[in-house]
Amino acid sequence: MTDIGFVRSEMVEARPAPVRTSGAVAWMKKNLFATPLDSVLTVFGVAFLLWVVPPLYGFFFGNAVWAGGTVEDCRVETAGACWAYIAAEMEFFIYGFYPAQEFWRPNLVFALGALLLAPLLIPKVPYKRLNAVLLLIAYPVVSYILLAGGMFGLRVVPTEQWGGLLVTLIISVVGITLSFPIGIVLALGRQSSLPIIKTACVMFIELIRAVPLITILFMASVMLPLFMPQGTTVDKFLRALVGVTLFTSAYVAEVVRGGLQAIPRGQYEAAAALGLGYWRRMWFIILPQALKHVIPGIVNNFIALFKDTSLVYIVGMRDLLEAVKTKNDSAIEWQSANMATTGYLFAGMVFWVFCFGMSRYSIFMERRLNTGYKR
Amino acid sequence: MSQVSETTIDRSIDTRHMQVSTTEVAIDVIDMHKWYGDFHVLRDINLRVMKGERIVIAGPSGSGKSTLIRCINRLEEHQEGQIIVNGTELTADLKRIDEVRREVGMVFQHFNLFPHLTILQNLTLAPIWVRGIPKVEAEATAMHYLERVKIPEQANKYPGQLSGGQQQRVAIARSLCMQPRIMLFDEPTSALDPEMVKEVLEVMISLAEEGMTMICVTHEMGFARQVANRVIFMDQGQIIEQNEPEAFFSNPQHERTKLFLSQILH
């Protein structure tokens, strides 16, 4: 039998507080020097940063030659990145061989795109439906007329002259916008109870997924004309677009299929029991839930597509990376030790900015769609 | 049979409108058989439900109760025999299936509300897109039924924010918004906490009082006793016995029924 009663006999005297547990010192003690091993690792880490950061800073900023610098500056032994070269060749990196007096046309296309895309991406802005119609239907037509010309007194600019970031953006934007709905339809088709549709979708997806993109681009540009009737030609640019789009849509289809499978049977049944037909069940009930689940996977595919656009150099097109490479090889007037490195760094940074943007936006979207019915 | 319970509703049932039609057939199931692959899951089902009838289907798990009522709105397909609902025979014809589903409401064990839509959107989606009712009107109807199930204040919440009992009441209201002529209940209280069973049963009883034709698969024997005008007992995919609730509970005939009742009633 233990005694569970208790009566305090002595009062506890007040003591000074222990060492501060907040503030920089406490933080360092907890996170950097908690154990001897931690302390050793911290010392090594700091040493590594001291070894790596200053030269990198010097290359990128301190010793870099900025816009307005000359090639002589870049040829100095200690010179860092030759940004002057990038600035001087910027037009080629953006427009390729697009005629200089017509630059206003791609510029207008860029501006219109940004103007229509931004309000669509910001949830609060109203008129989403009108916005989407303008962006998805009117904008492509206007852009095509502006870029290709041949109408309304605009000079014809053949697609062979398009290049640089312009090509990268066109291929990825068109590829993303088209592969998304095609992928959804393929995923639904693969789940269809109609054997012909199902088989066709499975065959398409498995064929495209099992072949490298390079092969598809080659097929599109070399093989396709052999099957076409004599005399008809399909634009090389268009062929590459179709190749990239079909390739990505097969991947998107499989990601979406995963989302469809994650939706409980009860959702399909409840929708059916209410008398909703197949397409309405999919549009209102199944797809909104399924697509929300697979946002990370879909954006993954879009990022991959964006980077894979550089493969179109294989069929002789000059995307951003290829434009940089062309100048690296041919701009003798900028020949210097760091010229090529700077060029590739620039291309890498542009790719990174776009891909990182997509990634952040997808995370934002996921959070937004989640709050709706979190418990 | 731990899921069998006998929640009693301590109020008298208003029977004024609970008349069973003697001429109008709501559902006619004739010599119906169904297989899952090689497994003969429903055998020789004959069931005629008159307009205004309230039928409770009982039986051990795996006896085919749920499968039977899921055949009535073609969530499951039967292979032999006929199922005629409101005069429309169910075949592979999608038009007929949609026709039947418009007039037959269904409430599921796990509610199956649409989690990405608000309660109000859950209730108005089908009236707007299947019946073509204007949005304003559909919302008014939805609010009317939400008031009937006593949760109008939840209209703009999402299903995930509601308790199980509230979700099931929303599910019932969702079906009612289509103004169906028949309601099917597939174990509507089996997934609920005990104290929430009552609020759902109350709604079902008030529906019965209005003369709704109902088929309920349920383990609520109190509900069967008070509300049903016929209890059907199934085992091994067959209808073993059916009778008025009084006779069914006090004087079961078939051995299997006796065994079942002895296990669930104390």
Side-chain angles (χ1 to χ4, degrees), chain A residues 123 126 128-129 184 187-189 191-198 256 258-296 298 362 364-375, chain B residues 66 69-70 72-77 92 94-95 97-119 121-132 156-163 167 170-171 174-180 182-184 186 191:
Chain A
K128 283 276 179 286
R129 193 170 296 182
I184 291 174
L188 291 175
Q191 291 212 322
S192 172
S193 52
L194 306 171
I196 294 177
I197 293 181
K198 185 177 173 149
V256 171
L260 291 174
Q261 283 173 346
I263 305 302
R265 257 194 91 70
Q267 293 288 311
Y268 290 87
E269 290 178 350
L274 284 169
L276 291 163
Y278 176 80
W279 291 107
R280 283 180 181 151
R281 288 204 290 273
M282 293 304 141
W283 181 257
F284 290 115
I285 309 299
I286 306 303
L287 284 176
Q289 299 183 61
L291 294 180
K292 196 202 79 180
H293 286 311
V294 295
I295 289 174
I298 290 179
S362 85
F364 163 73
M365 231 26 224
E366 268 175 67
R367 290 219 183 103
R368 198 184 112 76
L369 292 175
N370 235 340
T371 48
Y373 47 94
K374 223 187 252 169
R375 240 179 205 279
Chain B
S66 289
I69 70 163
R70 289 159 60 85
I72 291 171
N73 67 354
R74 193 82 174 185
L75 287 183
E76 303 281 356
E77 185 184 310
L94 289 175
K95 243 187 214 148
I97 295 174
D98 284 341
E99 207 173 293
V100 165
R101 283 175 179 168
R102 274 200 294 274
E103 303 298 334
V104 178
M106 186 162 205
V107 176
F108 299 85
Q109 180 177 2
H110 296 287
F111 333 133
N112 297 349
L113 295 177
F114 308 130
H116 61 301
L117 301 177
T118 64
I119 300 305
Q121 289 168 334
N122 264 277
L123 266 62
T124 54
L125 184 75
I128 291 173
W129 291 100
V130 179
R131 290 242 190 258
N156 293 311
K157 290 194 183 161
Y158 286 90
Q161 298 167 296
L162 270 56
S163 74
Q167 289 195 44
V170 170
R174 179 174 70 180
S175 289
L176 294 178
C177 280
M178 284 294 284
Q179 318 214 299
I182 299 167
M183 285 289 285
L184 306 174
D186 189 3

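Proteins come first, then strands; the chains are lettered A, B, ... in the order of their sequence lines, and each starts at number 1. Just the heavy atoms: all of them, side chains too, but no hydrogens, waters or symmetry mates, feed the values below.
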#### Entry: Contacts with chain B made by residues 259-269 of chain A (heavy-atom distance under 4.5 Å), listed by residue number
A:Gly266, A:Gln267, A:Glu269
### Query
Looking just at side-chain N and O atoms, do B:Ser66 and B:Asp186 make a donor-acceptor pair shorter than 3.5 Å?
yes
### Heavy-atom contact with chain A under 4.5 Å, split by part of B:Arg70
side chain
### Query
Is a side-chain donor or acceptor of B:Arg101 paired with a backbone partner of B:Arg74 at a separation under 3.5 angstrom?
yes
### Task
For B:Asn122 and B:Leu117, indicate whether the former's side chain and the latter's backbone hold a donor-acceptor pair under 3.5 Å.
yes
### Option in A:Ala271, A:Gly277, A:Ala272 with maximal non-hydrogen atom pairs under 4.5 Å from chain B
A:Ala272
## Note on the structure
Correct closest heavy-atom pair for B:Pro127 and B:Cys177 would be CG-O, 3.8 Å
### Task
Give the C-alpha distance, both sets of side-chain angles, the deciding distance and a yes or no for side chain to side chain contact (heavy atoms under 4.5 Å, CB included) between A:Ile184 and A:Leu291.
CA-CA 9 Å; A:Ile184 291 174; A:Leu291 294 180; 3.9 Å; yes
## Note on the structure
Of the listed B:Arg174, B:Met178, B:Glu99, the one with the largest count of heavy-atom pairs under 4.5 Å with chain A is B:Arg174
### Query
chain A heavy atoms under 4.5 Å from B:Ile97: which part of the residue, side chain, backbone, both or neither?
neither
#### Entry: Contacts of residues 103-112 of chain B with chain A (heavy atom under 4.5 Å)
B:Val104, B:Met106, B:Phe108, B:Asn112
### Rounded distance (nearest 0.5 Å) linking atom CD1 of B:Ile128 with atom CZ of B:Arg131
13.5 Å
